[in-house]
Every structure is written in structure tokens, then in C-alpha cells.
**Student:** 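Structure in C-alpha cells, see below.
Starting from 1, each residue takes its place in the sequence as its number.
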Amino acid sequence: MIMSRIEAHSSEDTGTTGDLVGLLLGGLPAEAVLTDSDVTASYANDMASFCPAGTPAVVVLPRTTEQVQHVMRTATALRVPVVPQGARTGLSGAANASDGCIVLSLTKMDRILEINPVDRIAVVEPGVINAALSRAVGEHGLYYPPDPSSWEMCTIGGNIGTASGGLCCVKYGVTAEYVLGLDVVLADGRLMSTGRRTAKGVAGYDLTRLFVGSEGSLGIVVRAVLGLRPKPPEQLVLAAEFSSAAAACDAVCRVMEGGHVPSLLELMDRTTVKAVNDLAQMGLPESTEALLLAAFDTTAPAADLAAVGALCEAAGATQVVPADDVAESELLLQARRLSLTALEAVKGVTMIDDVCVPRSRLAEMLEGVDRIAEKYQLTIGVVAHAGDGNTHPTVCFDAADPDESRRARESFDEIMALGLELGGTITGEHGVGVLKKEWLAREIGPVGLEMQRAVKQAFDPLGILNPGKLF
């Protein structure tokens, strides 16, 4: 219904594109309004496979909140869809353009407005790069924990839109836990503030959390108040090799059951280990069926690593290698950081899933992915934020081969079905976007879907904000 209202208006007004650009230029500088089709096409999609993208009518790059408000007032007046974008590093198609839309790129709103060591907050615009914020707060002895693997490229606004995670989630949690307050431009151009900058606050509904993970479908985040922590000591890392994925998952369960709080607990299956060896000649033993990496950033990390190493040995580790210093720790982490690049090199194209299951079901998840890979005769490697059960089964395929592409998509769907069967969720940190719309409906059920649509209707009655995403 929402899309039909937009399409009906477009078909009635053939002059909409001309009117649109003219009205946008009334409140934006000329350099902020891009209309060249070759340029606008480069903003059409994010990094997801199998996600259709439309042709934008125009791309705008505002620098101020007032300019974003102008864009939304214009879009509302003309009933033109708006697709918000950050760095487009997403993996679900949430930033993909729709035909005739305004692509609202927020990358030029990239100022760190405040770093407050007393209140332990940072106030930032949405286009700030995650790594830039992390380095800036580090100069004040502070720490912004969320660290997606694309942290050198991804923006805080994009992180908020997808509720992204990272390697440190097992100890520090995900983006949602650090967003204290937001300034949001609504679909009609009004500006709303949510949340707080205080350490505590429970006034009214938690609208801040509602916007985190909403994928730009409820409003445009133009400012965020983020919680910070004291900068922890440098972490030390341990690598443990196992002769089976089940044994590695058993070690994960022992570590968590034992009350340990690692800053990182990552798993790589044999397919991923082989891919990394092939790419970087790292010399990892070919007999390794699973590699587990654990890290601690405590005041006595060596003692913590020794305790976890003993648990890994009790679970059947064939070799346990604790790092002696930070430099050696970085070498041990190099293999994990190369994982997705190495898997992409296997066939040239990947579909990266992010099914999250209870930690106690992690072994079943990996065993199930193995069966699916065999069934479809595909290479599927798994890297996992094992400490929180968030797996990244990565399907490697040749996009030029129609049959292999079909099998890749079918295997991807079976992986999501497996995750739900094991009591998990279809997405731990990448979001729904276009790629997982059907699966969101399966996960939350008809009543849940009805209520989510009602929320969308309340904030965006014309359906112009990122239409076609989520549901």
C-alpha cells in the first residue's frame, strides 16, 4: 500500500524530477545535489549480494541538520521516497536505492561535536567514521567499544541504523548499548530529540532504542550522544587449535560457563583456516578443524589466558598458544582479520550471513552448515563471534554461473532456517534490509509484523522513508 501511494503520485506528475531538483536546490548548495546519472548510479547499492537496487532520481549530500530537514520537507511535498545512506558497507541491501528516490548520503555530516571525559560521552554527526571516533576518544583515555570489521570505513550513522556489532561484543555489547540519545529528522521534516546525556534516565518510552536498528525507515539520525568507557589495557590473545569444530564449541561453552569475560572469543572453521592459508601462507596446520582465539584486556591478562588455555585443553585442544606481548597478539589476530578477504578470494563473490544462536547450540549450527555445504556442493566457511553465538557462514560462489548462484541463494536460506530451528535469530548485527525481509516475517510472526508495521505507519504515514526494506 505504501509503495502504491508513492507510485501513483509519480505516475500522475511527469514533471516530478524537474520539480524535485529545483526544490532541493532551494535549500541546498549546488555541489550538494548530484544529478549526473553516472554519478548517481554509483550510490545505488551497498555491499550485499542478491539485493535488487533501483535508479535514484538524485543524490544529496547535506552538511547540516537544516539541510536534511529541507530534503525531507521536499520529499514529503512531492511524495518522493528517501533512502538514507552512510558508507554503504552494509550487507543486507538496506542502503539500496529505489527507483526515482532521493538518496540522502550523510557522509558529509562528519563532525565530532564533543568529547566529555567527565560525563563519558561523545556527541557526533552520523557521517563520522567509526575508527576516527575511536582514535579521537582514545586521546582522552576513553574507549568507544563497538568495532565492526569495516570500522575503518563504516559510519556511526550506519552503525546505528543496523545496530551493528563487532569482535568485542562478547564483553562490551553492541551499538545499541552505547547510543544514549539522538536528534532525528522525521519524514515530514520535523526535528525530534530522544534519550539523554545523563548516566541514567527512564522518562517515557525508549524511542532511542526504537531508532537503533530501524535501517532508516523511521527517521534520519543527524546527531548522536554516545556512551564511552575508560580505555582498557592492551589485550593479550591466545590461539587454540582443535581437531573438530564440536570440540572448539565445547571450549567456548566451558569458558562462558566458568564465568570468564574475554574481550574477544572468535572461531574459524577449517574452510576459513584453509582459505587464509591459501591467501597469506600463514602456516596454520592443515589438520586444524577449528581455530579459537580468546583475548583479555584485564589487568592480569596472562593469568586469564592460562585459565582459558586449560579449559581449551580439557575440551580437546591439540595446541594452545598464548601470546607473550601485544605484538604477538596482533600476529595471532591477523588470521581472523583476513578471514572474509580470504573467503572472497575462493570464488570471487560471497554471501555473508549473520545468524546468531544460543552459545549452547553453536556446535549444532556449525555441523548444520557443513551438511548444507555438502548438499549444495559449495564452499561455505564459518567465522563466528563465538562468545555471543553470532556466526558468519560465508557462501563462496561464482556469480557468472547461474546454477551456482541459485544454489548459493538456496543454501543461504537453509542456513537461516537452521538458525531459527536452533532457537536463534536471522541477524545478529547486519540487519534485515532487502535480503532477509521474508525471513523477518517468519521470525517475528504475523502479530509481531503487524505491530512493526503500525510503528512504521506512526512515524512515516506516507511511506517515503526507505520503502521496501524490513517488510
Side-chain angles (χ1 to χ4, degrees), residues 47 49 89 91 147-153 165-170 235-249 251-252 262-295 312 317-323 326-355 362-363 365-367 369-370 372-374 378-387 390-398 408 411 415 429-430:
M47 298 179 69
S49 302
T89 57
L91 293 165
D147 62 342
S149 58
S150 58
W151 79 307
E152 291 281 5
M153 299 178 288
L167 272 65
C168 71
C169 295
V170 61
Q235 63 183 4
L236 288 184
V237 178
L238 169 149
E241 298 174 11
F242 293 86
S243 58
S244 73
C249 293
V252 170
S263 56
L264 173 151
L265 192 58
E266 298 287 304
L267 185 148
M268 299 162 58
D269 74 347
R270 66 176 181 277
T271 301
T272 307
V273 169
K274 181 180 186 305
V276 170
N277 266 343
D278 290 345
L279 178 71
Q281 291 79 49
M282 293 195 68
L284 300 173
E286 293 294 336
S287 59
T288 297
E289 290 290 311
L291 183 68
L292 189 66
L293 298 171
C312 288
T318 55
Q319 187 175 8
V320 175
V321 181
V326 173
E328 191 174 348
S329 293
E330 284 301 309
L331 287 174
L332 291 174
L333 287 177
Q334 186 181 2
R336 172 62 182 89
R337 293 196 178 107
L338 285 173
S339 294
L340 297 182
T341 301
L343 288 168
E344 191 173 69
V346 172
K347 285 277 189 171
V349 180
T350 57
M351 288 187 73
I352 305 171
D353 211 332
D354 70 319
V355 171
L362 192 58
M365 184 68 196
L366 268 65
E367 290 165 358
V369 171
D370 263 353
I372 291 168
E374 184 176 354
L378 291 167
T379 297
I380 305 178
V382 180
V383 290
H385 308 310
N390 194 175
T391 69
H392 292 302
T394 303
V395 184
C396 309
F397 65 101
D398 179 359
S411 70
I415 290 168
E429 56 188 8
H430 293 170

**Student:** Residues in ring pair (Phe, Tyr, Trp, His ring centres under 6.0 Å) with Phe242, at least two apart?
**Tutor:** none
**Student:** Who are the salt bridge (charged side-chain N to carboxylate O under 4.0 Å, His left out) partners of Asp269, not counting sequence neighbours?
**Tutor:** none
**Student:** Step by step, would you call Val320 with Leu238 a side-chain contact (heavy atoms from CB on, under 4.5 Å)?
**Tutor:** CA-CA 7 Å; Val320 175; Leu238 169 149; 3.5 Å; yes
**Student:** Sequence neighbours left out, what passes salt bridge (charged side-chain N to carboxylate O under 4.0 Å, His left out) with Asp398? Give chain and number order.
**Tutor:** none
**Student:** What distance do Met47 atom CE and Ile352 atom CD1 have between them, rounded to the nearest 0.5 Å?
**Tutor:** 7.5 Å
**Student:** Looking at every heavy atom in both Ser339 and Met268, which two are closest together, and how far apart are they?
**Tutor:** OG-CE, 3.6 Å
**Student:** May I ask you to decide if Asn390's main-chain N or O and Asp354's side chain share a donor-acceptor pair within less than 3.5 Å?
**Tutor:** no
**Student:** State which residues pass side chain to side chain donor-acceptor pair (under 3.5 Å) with Glu330; sequence neighbours excluded, sorted by chain then number.
**Tutor:** Arg337
**Student:** Does Ser329 use its side chain to pair, donor to acceptor, with the backbone of Val237 at less than 3.5 Å?
**Tutor:** yes
**Student:** Identify the heavy atoms of Val252 and Ala386 that sit nearest to each other, and give their distance.
**Tutor:** CG1-O, 3.5 Å
**Student:** Going by ring pair (Phe, Tyr, Trp, His ring centres under 6.0 Å), name the residues that satisfy it together with His430, two or more places apart in sequence or in a different chain.
**Tutor:** His392
**Student:** Are the side chains of Val395 and Asp353 in contact, using a 4.5 Å heavy-atom criterion?
**Tutor:** no
**Student:** With sequence neighbours left out, what residues match Asp147 under salt bridge (charged side-chain N to carboxylate O under 4.0 Å, His left out)?
**Tutor:** none
**Student:** Just jot down the side-chain contact (heavy atoms from CB on, under 4.5 Å) partners of Leu264, sequence neighbours excluded, or say none.
**Tutor:** Leu167, Gln235, Glu266, Leu293, Ala295, Leu333
**Student:** Within a strict 4.5 Å, meaning less than it, do heavy atoms of the Pro322 and Leu236 side chains meet?
**Tutor:** no
**Student:** Taking atom CD as the centre, does Gln281 end up with more than 12 heavy-atom neighbours from other residues, nucleotides or ligands that are less than 6.0 angstrom away?
**Tutor:** yes
**Student:** What residues, two or more places apart in sequence or in another chain, satisfy side-chain contact (heavy atoms from CB on, under 4.5 Å) together with Thr391?
**Tutor:** Val355, Leu362, Met365, Leu366, Val382, Ala384, Pro393
**Student:** Apply side chain to side chain donor-acceptor pair (under 3.5 Å) to Glu152 and list each qualifying residue two or more places apart in sequence or on a separate chain.
**Tutor:** Arg135
**Student:** Which pair of heavy atoms, one from Leu292 and one from Cys312, lies closest together, and at what distance?
**Tutor:** CD2-SG, 4.1 Å
**Student:** Tell me if a side-chain donor or acceptor on Thr318 pairs with a main-chain N or O of Glu241 at a distance below 3.5 Å.
**Tutor:** yes
**Student:** With sequence neighbours excluded, tell me which residues meet side-chain contact (heavy atoms from CB on, under 4.5 Å) with Glu289.
**Tutor:** Arg270
**Student:** Quick check for you: to the nearest 0.5 Å, what is the distance between Asp370 atom CG and Thr271 atom OG1?
**Tutor:** 6.5 Å
**Student:** Can you tell me how far apart OG (Ser411) and CD1 (Ile380) are? Round to the nearest 0.5 Å.
**Tutor:** 4.0 Å
**Student:** Between Leu265 and Ala294, what is the shortest heavy-atom contact and its length?
**Tutor:** CD1-CB, 3.6 Å
**Student:** Ignoring hydrogens and angles, tell me if any N or O in the side chain of Ser150 forms a donor-acceptor pair with the backbone of Met153 under 3.5 Å.
**Tutor:** no
**Student:** If the condition is side-chain contact (heavy atoms from CB on, under 4.5 Å), which residues does Ala345 pass it with, not counting sequence neighbours?
**Tutor:** Leu279
**Student:** Nearest 0.5 angstrom please: Arg336 CZ to Ser149 OG, how far?
**Tutor:** 7.0 Å
**Student:** Considering all heavy atoms of both residues, which atom of Ala239 and which atom of Leu291 are nearest to each other, and what is their separation?
**Tutor:** CB-CD1, 4.4 Å
**Student:** Sequence neighbours left out, what passes salt bridge (charged side-chain N to carboxylate O under 4.0 Å, His left out) with Glu328? Give chain and number order.
**Tutor:** none
**Student:** Of the non-hydrogen atoms in Phe397 and Lys347, which two are nearest, and what is the gap between them?
**Tutor:** O-CB, 3.3 Å
